[in-house]
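Structure first, then comments.
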Amino acid sequence: MNLLQDYLSVRQRTEEICRVLHTEDYIPQPAVFVSPPKWHLAHSTWFFEEFILTKHLPGYKVFDADFCFLFNSYYNNIGDRTFRADRGAITRPGVDAVYEYRKYVDSHMEAALQNESIHELVMLGINHEQQHQELLLADIKYILGCNPTFPIYNKAIDWESQVNDSSGFITIEEGVYETGYNGNGFCYDNELGRHKVYLNRFEIANQLVTNAEYIAFIEASGYTDFNYWLDEGWAWVNENSVDAPMYWYKINGQWKHYTMRGLTDVDPDAVVTHISFYEAAAYAEWKGMRLATEFEWEAASDKLDWGKRWEWTHSAYLPYPGFAKADGAVGEYNGKFMINQMVLRGASCATSPGHSRATYRNFFHPQERWQFNGIRLVKK
């Protein structure tokens, strides 16, 4: 595949994700951390327009001068923008206009790609849109999951029934290990700065925690015993009345959960998902185990079965040695978020094809669980 084909393939997949939506599904923002599908479609397009077409295609005219304000996410170097919490208030432009915007930008990208000096930046844009594809799927699930009729997104998607393919524990001997990206392909700047870390011997599970195992934690009063919880986690549980994973409901004594296929019974053998860091840490404490550090996870990654759920680590999201932000708006992509967030490793069922690698560093605030997150344990 050449770069234009890669570009068009990714752009088409974003629209395919939205193909089954009704017009009304494109607009709601039921929580601050959720972005409407229409906003994702427009923002990922604005990224190519702002960073590539306006800077590197002579004579290019922006589709709409208001779109930079409406669909800029967090790039302060570029100028004012809509507050994140107000994205659902953008009823206009309409959905049709956003799709026209995507066609307009796509029609100019072929000419822009004749300039080989921008190919690295285009790859960033492609990977940026793949990130938004995963966010888009999680946001669509949240939006539809707020509907009391539990509508079906796609009957063919059975992610919540995924089971482990392996079991047992893998031993990683003590020693000095290298961590960070080392190759010639694409990676994000937060993966760079390959460096050595010393690890003590540890044993890491070759499977994720299942629904049945997590139900045992619930039934053992896991959500009401402060001894298992970090202090912030205990406050979060009580302030938000949390007593089960996101999307779980106990109906007539039976655990059910909202899935991409609608409301279904919780499969006890499937891997648990939509778990916050606080819950993952509490479960590990209840089991007499712990979460891996991101360095332990990477050292073991070539031996692990992974890719079904993003896996919480007990590592804060911090820069690697020698990390330096790029100049201008591109430098805002990762570095400024290196505070009060935890690293997740691996990939999930919702991760776009070709968008995972052992050095990938995902990061979220510890209370966030609307992504497809799960738990892997390490023996103490």
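All figures in this text were calculated on a predicted structure; none of them were measured in a lab. We number each residue from 1, following the sequence as shown.
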Side chain to side chain donor-acceptor pair (under 3.5 Å) partners of residues 229-253, not counting sequence neighbours, each pair once: Glu232-Tyr278
Audit row: Phe47, Leu124, side chain to side chain contact (heavy atoms under 4.5 Å, CB included) steps and yes/no: CA-CA 10 Å; Phe47 191 95; Leu124 176 62; 4.1 Å; yes
Contact list for residues 151-185, test ring-ring contact (aromatic ring centres under 6.0 Å, His included), sequence neighbours left out: Trp159-Phe372
Geometric class of the Phe337/Tyr74 ring pair [parallel <30°, tilted 30-60°, perpendicular >60°]: perpendicular
Geometric class of the Phe67/Phe71 ring pair [parallel <30°, tilted 30-60°, perpendicular >60°]: perpendicular
Over all atoms of both residues, closest heavy-atom pair of Gly193 and Tyr320: O-CB, 3.8 Å
Criterion side-chain hydrogen bond (donor to acceptor under 3.5 Å, both in side chains) against Tyr360, the qualifying member of Glu191, His355, Arg345: His355
Residues Glu16 and Arg13 bridged, charged N to O under 4.0 Å: no
From CA spacing to verdict: side chain to side chain donor-acceptor pair (under 3.5 Å), Ser9, Gln12: CA-CA 5 Å; Ser9 176; Gln12 289 163 6; 5.5 Å; no
Arg369 to Phe277, cation-pi by 6.0 Å centre distance and 45° axis angle: no
Residue pair His274 / Asn373, side-chain donor-acceptor N/O under 3.5 Å: no
Side chain proximity check, Asp66 to Phe69, heavy atoms < 4.5 angstrom: no
